[in-house]
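Working notes, beginning with the structure itself.
Every chain is numbered from 1 and lettered A, B, ... according to where its sequence line falls, protein lines coming before strand lines.
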Amino acid sequence: MFNKRIKVKELLQTEITGQEVIVMGWVRTFRNNQFIALNDGSTNNNLQVVVALGLLNEDTLKRITTGASIKVKGEVVPSLGKGQKIELKAIAIEILGDSDAEKYPLQPKKHSLEFLREIAHLRFRTNTFGAVFRVRHALAFAIHKFFNEKEFVYLHTPIITASDAEGAGEMFRVTTLPIDGTAPKKEDGSIDFNEDFFGKSTNLTVSGQLEAELGAMAFSEVYTFGPTFRAENSNTTRHLAEFWMIEPEVAFADIEDNMNLAEAFIQYIISYVMEHNKEDLEFLDARLAEEEKQKPQNERQEFGLIEKLKFVVDNKFERITYTEAIEILLNSPAYKKKKFKYDVQWGIDMQSEHERYLVEKHFKKPVIVINYPAAIKAFYMRLNEGCETGRETVAAMDILAPGIGEIVGGSQREERYDVLLNKMKQFNIPEKEMFWYLDTRKFGTVPHAGFGLGFERMVQFVTGMTNIRDVIPFARTPKNCEF
RNA sequence: UCCUCAGUAGCUCAGUUGGUUAGAGCAUCUGACUGUUAAUCAGAGGGUCACUGGUUCAAGUCCAGUCUGAGGAGCCA
């Protein structure tokens with residue numbers, strides 16, 4: 001019975017009228033006891049089902065409420081009304097699932113994003129979230145397509161790890177030991193993880209990069225795409241405790257190759273969505289424009305959503321060194337007028353306000369910043385040669401995007417065994433636990449590079465959604481693990 | 001974790017210097033209408049004013065604490 005149904009998206013594209021079809025979906029609105037706006041999630045556009053007077057008995061008519069699921073057999077006819085080309089003249093309607101209109105939280109009216117977040121299990125049924133999650137899907141698909149076309153190997157890195165060496169952030173502990181204080185203890189009173197499931201202390205991964213590097217040392221080109229966890233108590237519009245990350249890792253590559261890959265990658269997946277999710281983007285574009293109208297003039301975005309995406313696809317990203325970035329900031333009117341809260345000088349870790357200035361005010365497009373001071377970056381990043389003493393830099397690269405800040409963080413990796421070992425000592429990384437990582441530098445080491453891209457931040461950028469909790473189906477944030 | 005703001009009907013909000021029975025729009029329900037597009041028109045129901053305590057003759061309104069949400073910062077992707 002079900003495979004005979006035609007999807008609303010397909011039906012709306014048809015020019016042929018007169019045929020009899022079966023559609024199923026959820027009622028968005030029922031106007032005038034006569035017009036059903038039916039949606040099945042295949043597109044944001046609703047199918048108008050016309051119910052002739054007297055077709056249904058009073059009881060069935062009453063059960064066609066917002067949120068109810070129905071099956072409609074009908075004839076495709078040219079629409080008499082404006083707003084749609086075709087409509088479905090109902091021959092028979094079957095209620096598949098009732099929806100008590102008095103209790104159903106979604107009403108045929110505008111809802112705030114905050115409210116919809118509280119009913120995340122139902123919010124997919126709204127236009128905005130329908131569009132957002134179809135775009136999210138398309139982006140995910142485009143990512144695999146891009147790497148597959150380039151013959152990268154998709155490497156599944158572990159979700160539970162024993163390494164806490166990277167220092168990317170606070171970690172969630174994974175354990176089967178009791179938490180009521182009865183866990184086995186060592187003589188010094190600390191918990192004895194020898195007795196734990198894995199025989200050692202384990203956590204949820206904060207990054208698959210180190211393992212991806214191992215893969216790159218055999219397949220040349222790999223990428224990971226999976227969930228990542230950070231137990232940071234971050235309460236912002238761009239942080240989640242559970243998020244998805246894409247981490248390509250490429251052997252025989254330097255920082256230059258890395259930048260080229262990241263830029264081509266971002267442009268590819270955005271182009272894919274622009275081509276395949278035109279309607280969704282148009283809806284999100286209009287939604288954003290509406291939202292922008294509420295803001296005071298000086299806070300409004302210069303570009304519309306689609307305009308912005310087009311710009312990113314058509315233009316090269318700006319590429320500057322950290323040193324140049326600092327110079328731009330020092331020479332900026334904002335700095336001279338003391339508009340920055342935090343001081344600027346070579347060696348600082350740039351603050352949000354500084355990154356924002358570079359991207360949104362100065363260049364007005366995505367910016368790749370490379371060669372950061374070694375002291376503020378991770379131990380595995382490659383030390384640049386020929387630096388002034390006291391001004392050592394590493395071959396790191398951050399891509400900053402308007403509106404969300406850092407969207408990509410990457411680097412050329414330190415492939416020289418001695419230099420890496422030295423760095424690990426400086427950063428207090430336990431060599432013993434990291435023997436497997438060091439092994440790659442002992443046995444056939446090669447220059448290599450890679451980066452990490454926060455998937456949700458990418459979805460934010462493409463959809464124009466300002467809160468990261470609205471671009472992941474079920475957000476995990478401090479004090480929130482509903483659904 | 002820090003700073004700022006907020007929490008009043010199902011939703012979005014108003015509620016004056018503390019003072020009768022806490023309001024509106026939308027949604028819902030009932031009826032009318034029947035080519036509607038956020039349908040329209042008429043009527044009805046709907047409230048532990050986040051929670052706990054305090055000040056006061058009197059608290060939605062003032063004070064303290066707690067919880068929750070939002071925005072920003074830090075951390076980062």
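Proximity of A:Ser112 to the phosphate of B:U12: a side-chain N or O atom is located under 4.0 Å from OP1 or OP2. Contact check, A:Asn233 against B:C2: no side-chain N or O comes under 4.0 Å of OP1 or OP2. Between A:Arg31 and B:A38, a side-chain N or O to OP1/OP2 separation shorter than 4.0 Å is absent. Look at A:Asn32 and you won't find any side-chain N or O under 4.0 angstrom from OP1 or OP2 of B:U34. Phosphate proximity of B:G74 to A:Ser352: present, with a side-chain N or O under 4.0 Å from OP1 or OP2. Remark: A:Arg469 is in phosphate contact with B:A70, judged by side-chain N or O atoms under 4.0 Å from OP1 or OP2. The side chain of A:Thr237 places an N or O atom within less than 4.0 Å of a non-bridging phosphate oxygen (OP1 or OP2) of B:G72.
Annotation: side-chain hydrogen bond (donor to acceptor under 3.5 Å, both in side chains) contacts involving residues 8-19 of chain A, sequence neighbours excluded, are absent.
Annotation: B:C49 and B:U68 have their C1' atoms spaced 16 Å apart (nearest Å). Nucleotides B:G72 and B:C76 are separated by 16 Å at their C1' atoms, to the nearest Å. B:G60 and B:U55 have their P atoms separated by 16 Å, with the value rounded to a whole Å. Taking atom P in both B:C51 and B:C11, one finds a spacing of 15 Å when rounded to whole Å. B:U40 sits 16 Å from B:G25 when the C1' atoms are compared, rounded to a whole Å. B:C75 and B:G15 have their P atoms separated by 39 Å, given to the nearest Å. For the C1' atoms, the distance linking B:G47 with B:G10 amounts to 12 Å, nearest Å. Taking atom C1' in both B:G23 and B:A14, one finds a spacing of 7 Å when rounded to whole Å.
Every side chain to side chain donor-acceptor pair (under 3.5 Å) that A:Glu456 has, sequence neighbours left out, goes to A:Arg136. Contacts of A:Ser332 classified as side chain to side chain contact (heavy atoms under 4.5 Å, CB included), with partners at least two apart in sequence or in another chain: A:Ala334, A:Tyr335, A:Phe340, A:Tyr357.
Contacts of A:Glu406 with the nucleic acid, taken as non-hydrogen atoms under 4.0 Å apart, involve only primed sugar atoms and P, OP1 or OP2. Nucleic acid contact class of A:Arg238 (heavy atoms, under 4.0 Å, all strands): base.
One cannot find a donor-acceptor pair under 3.5 Å joining the base of B:U37 and the side-chain atoms of A:Asn46. At a cut-off of 3.5 angstrom, the base of B:C76 holds no donor-acceptor pair with the side chain of A:Ser234. Between the base of B:C11 and the side chain of A:His111 there is no donor-acceptor pair shorter than 3.5 Å. Side-chain N/O atoms of A:Glu232 and base N/O atoms of B:U1 include no donor-acceptor pair closer than 3.5 Å.
Side-chain contact between A:Val462 and A:Ile270 is present, with heavy atoms from C-beta onward closer than 4.5 Å. Contact check for A:Val312 versus A:Lys365: no side-chain heavy atoms found under the 4.5 Å cut-off. Put simply, the side chain of A:Met465 does not reach to within 4.5 Å of the side chain of A:Val459, judged on heavy atoms. Here the side chains of A:Phe451 and A:Ile246 are not in contact, with every heavy-atom distance at 4.5 Å or above.
For the pair A:Lys308 and A:Phe461, the cation sits on the ring face: its NZ or CZ lies under 6.0 Å from the ring centre, inside 45° of the axis.
Summarising the geometry, the separation between CZ on A:Arg230 and P on B:G74 is reported as 17 Å, rounded to the nearest angstrom.
A distance of 6.0 Å or more separates the ring centres of A:Phe30 and A:Phe35. Between A:Phe147 and A:Phe265, the distance separating the two ring centers is shorter than 6.0 angstrom. Checked against the 6.0 Å centroid criterion, the rings of A:Phe474 and A:Phe124 qualify as a close aromatic pair.
Residue-to-nucleotide proximity on RNA chain B shows that, of A:Ala241 and A:Tyr342, the 5′-proximal contact is made by A:Tyr342.
Considering only the side chain of A:Lys62, B:U30 comes nearest among B:U30, B:A70, B:C75. Considering only side-chain atoms of A:His239, the nucleotide from B:U36, B:C75, B:U68 that sits closest is B:C75.
For the side chain to side chain donor-acceptor pair (under 3.5 Å) with A:Thr393, the qualifying choice from A:Thr323, A:Thr321, A:Asn384, A:Asn371 is A:Asn384, the only one to do so.
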Exercise. Scan nucleotides 44-49 of chain B nucleotide by nucleotide, 5' to 3', and note B when protein non-hydrogen atoms come under 4.0 Å of the base, S if they reach only the sugar-phosphate, - if neither.
Key: ------
Quiz item: Stepwise, does the side-chain hydrogen bond (donor to acceptor under 3.5 Å, both in side chains) test hold for A:Arg173 with A:Ser201?
Solution: CA-CA 8 Å; A:Arg173 180 178 294 288; A:Ser201 166; 2.9 Å; yes
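Side chains of A:Glu213 and A:Tyr380: no donor on one and acceptor on the other come within 3.5 Å.
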Nucleotides 23-27 of chain B: which of its N/O atoms have a protein N/O under 3.5 Å away?
unit_1	atom_1	unit_2	atom_2	d
B:C26	O2	A:Lys109	NZ	3.2

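Residues from residues 392-401 of chain A lying near RNA chain B, meaning a heavy-atom separation below 4.0 Å, are absent.
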